[in-house]
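Notes follow once the structure below has been shown.
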Protein chains: 2
Amino acid sequence: MTDPLDTVFAALADPTRRAILSMLLEDDMAVTDVAEPFQMSLAGISKHLAILAGAGLITQEKRGRVKWCKLEPDALRAASVWMQGFGQFEPVNLDAFERFLAAELPGEDEGLAVQGD
Amino acid sequence: MTDPLDTVFAALADPTRRAILSMLLEDDMAVTDVAEPFQMSLAGISKHLAILAGAGLITQEKRGRVKWCKLEPDALRAASVWMQGFGQFEPVNLDAFERFLAAELPGEDEGLAVQGD
DNA sequence: GGCATATTCAACCATCCGGTTGACGATTGC
DNA sequence: GCAATCGTCAACCGGATGGTTGAATATGCC
């Protein structure tokens, strides 16, 4: 796994990690807060965050005993360019993206296990 | 692995599979021809193609004893929309894409093992 | 100092993944 | 009919992944 695209796409292939990225869209978060909505151990989330950081999709900065996670959307640029080359997609459709978020975001108001089923 | 994004991103995470997609950009190909530039067994390539087909990134149609593989760029649309939402990337830059292809495409003129290493 | 909080480390487990080889099922062509 | 070609299936292997638990390491607070 040398190519950056490998690690980026692999990181994006997991629904938990995509959900985390969606959460970080709204604001930077501490590890514990990231983990809160998931029914998964903190260590598990910590691993996911390490993978996201390894792919450059987030950065983590420790302030005091709290480690803050910050989205790094630039890391997606290369992957996005690669993908768009195949589809000649029309210009970004943010409405479609909103719909995606609605479908993908952990239902912050109920139990949640990343995906319904 | 239920979400289509899971399978699409997972399929894209492998350099062999991305190389195959790049090859199919140019034209539809038979399985044997897809396999030719790789130093990998036909069965191995066949598995990769099955994964790409499972993600909807290609379709396969059998004509006679030859199975033709066809790129299905539409399958990337959802993933592309998802990604672009994070970056608000500037409009598609096809030049950047060409550079990517140049870097990623199997060097059809030498041995090749997906990545030079 | 001593306890609580925040996060990771280490070991472990089950499962998936990428790859191989060898046998097999279709299809074509002589 | 028979042999060659195209492609997949099945079994197997080693290594990565996603998850767990329990101990360990920092840091903050009183």
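Reminder, nothing fancy here: chain letters follow the sequence lines and each chain counts from 1.
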Would you mind reading off the distance between [X] atom [atom1] and [N] atom [atom2], rounded to a whole angstrom?
X	N	atom1	atom2	answer
A:K67	D:dG28	NZ	P	15 Å
B:D14	C:dC17	CG	P	11 Å
A:M40	D:dT17	CE	P	16 Å
A:R17	D:dT17	CZ	P	9 Å
A:Q60	C:dT7	CD	P	9 Å
A:F38	D:dG18	CZ	C1'	14 Å
A:E61	C:dT8	CD	P	14 Å
A:I45	D:dT21	CD1	C1'	16 Å

[X] side chain N/O closer than 4.0 Å to the phosphate oxygens (OP1, OP2) of [N]?
X	N	result
B:S46	D:dT8	yes
B:S41	C:dT20	yes
B:R65	C:dG29	no

Identify whether any heavy atom of [X] sits under 4.0 Å from a base atom; if not, whether one sits that close to sugar-phosphate; answer base, sugar-phosphate or nothing.
X	answer
A:G44	base
B:R63	nothing
A:A30	sugar-phosphate

Please report the shortest heavy-atom distance between [X] and [Y], naming the atom on each side.
X	Y	value
B:M23	B:D33	CE-O, 4.3 Å
B:L24	B:C69	CD2-O, 3.5 Å
A:E72	A:G56	CB-O, 3.3 Å
B:A13	A:F9	CA-CB, 3.6 Å

(request) Using the closest heavy atom to pick a nucleotide of DNA chain C for each, name whichever of B:A43 or B:K62 lands nearer the 5' end. (result) B:A43
(request) Look at the side chain of B:K47 against the base of C:dG19 and say whether a donor-acceptor pair falls under 3.5 Å; ignore hydrogens and angles. (result)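 Side chain to base: pair found, below 3.5 Å.
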(request) Flag the pair B:V8 / B:L12 as yes when at least one side-chain heavy-atom distance between them is below 4.5 Å, and no otherwise. (result)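 Side-chain contact under 4.5 Å: yes.
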(request) Select from A:G64 and A:I51 the residue whose nearest nucleotide in DNA chain D is closer to the 5' end of that strand. (result) A:I51
